[in-house]
Amino acid sequence: MAGKRALPDTYSMDTDIGGILKRRRLSRNETLEDVAFRADTDAGNLSRIERNRQDVTVQRLGRLCDALEMTLADFFQELQGRSGTALSDPAAAFDKHTRELLSVVGTMSPADRITLVEMARVLAKRTPAARRRQRRSKTTKS
């Protein structure tokens, strides 16, 4: 298939990330716009993710799962259940930088991991998306 991104070997077309998200969205009778808004993204981006045309970061996958009222654990359990076998490397579902980060974190001491999580939280608060969420949160409380 020309132009279609190949899925990792551990996933079949029936167990792909985008397919699970799309099935969940459709089962809830929601539009791309509904879910995208709650996940702080746009409908075009969500559409590309659902069609496996765009990689998804752990952060975005977490926001999409939240918007669809499911946990990441639920998501990976469904992914594993559809494949019929345990995923040997769930991190393979993520983009290159996230996989690299997971690899590095695996070599760190527990104390260093805690420090890294604290640093990540500070950095996450500095992102434009976090600032938009914070502004929206303040306006809804008023």
Side-chain angles (χ1 to χ4, degrees), residues 1-108 110 112-142:
M1 285 191 229
K4 178 131 172 106
R5 182 176 65 84
L7 296 172
D9 294 339
T10 53
Y11 308 110
S12 71
M13 289 302 285
D14 190 42
T15 60
D16 63 297
I17 289 172
I20 290 172
L21 295 172
K22 183 175 184 175
R23 281 187 287 281
R24 177 72 173 215
R25 178 179 61 79
L26 294 175
S27 74
R28 296 167 50 91
N29 294 316
E30 293 187 289
T31 65
L32 286 165
E33 291 81 8
D34 293 334
V35 175
F37 177 77
R38 288 195 312 272
D40 198 28
T41 190
D42 60 81
N45 188 26
L46 178 54
S47 175
R48 287 186 298 276
I49 291 168
E50 286 185 352
R51 291 179 290 125
N52 296 303
R53 301 280 181 168
Q54 180 172 316
D55 287 337
V56 62
T57 63
V58 175
Q59 182 181 16
R60 179 162 289 145
L61 182 59
R63 288 194 316 256
L64 289 167
C65 285
D66 286 346
L68 293 166
E69 298 180 343
M70 67 190 304
T71 65
L72 279 170
D74 293 337
F75 175 85
F76 281 112
Q77 190 171 31
E78 184 171 343
L79 187 63
Q80 181 176 335
R82 290 188 182 277
S83 70
T85 60
L87 297 175
S88 60
D89 182 14
F94 302 120
D95 62 71
K96 175 185 171 189
H97 293 106
T98 302
R99 289 191 305 267
E100 184 177 355
L101 180 61
L102 290 170
S103 171
V104 170
V105 168
T107 66
M108 298 171 72
D112 287 344
R113 287 181 191 180
I114 291 169
T115 302
L116 182 61
V117 168
E118 291 168 358
M119 290 171 44
R121 285 187 179 130
V122 169
L123 288 173
K125 289 178 183 175
R126 296 175 50 198
T127 65
R131 288 191 295 270
R132 283 192 303 274
R133 282 192 301 274
Q134 198 171 37
R135 280 194 301 269
R136 272 187 285 202
S137 167
K138 287 180 184 177
T139 59
T140 57
K141 289 179 184 177
S142 305

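For the single chain, residues carry numbers from 1 onward in sequence order.
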Nearest 0.5 Å, what's the [atom1]-[atom2] distance between [X] and [Y]?
X: S47; Y: E33; atom1: OG; atom2: CD; value: 9.5 Å
X: L46; Y: Q54; atom1: CG; atom2: CD; value: 9.5 Å
X: T71; Y: F76; atom1: OG1; atom2: CZ; value: 10.5 Å
X: N52; Y: I17; atom1: CG; atom2: CD1; value: 7.0 Å

With L68, which of I20, V35, D34 fulfils side chain to side chain contact (heavy atoms under 4.5 Å, CB included)?
V35
Residues in side chain to side chain donor-acceptor pair (under 3.5 Å) with [X], at least two apart?
X: R24; result: none
X: D66; result: none
X: D42; result: none

Those residues that, when tested against [X], pass side chain to side chain contact (heavy atoms under 4.5 Å, CB included) (two or more places apart):
X: T115; result: M119
X: A39; result: T41, R63, L64, A67
X: L116; result: L101, V105, M108
X: A120; result: none

Can you list everything that forms a salt bridge (charged side-chain N to carboxylate O under 4.0 Å, His left out) with R25? Sequence neighbours excluded, please.
E50
Set of residues satisfying salt bridge (charged side-chain N to carboxylate O under 4.0 Å, His left out) with respect to E30, sequence neighbours excluded:
R28, R38
How close do L61 and V56 get, heavy atom to heavy atom, and via which atoms?
N-CG2, 3.6 Å
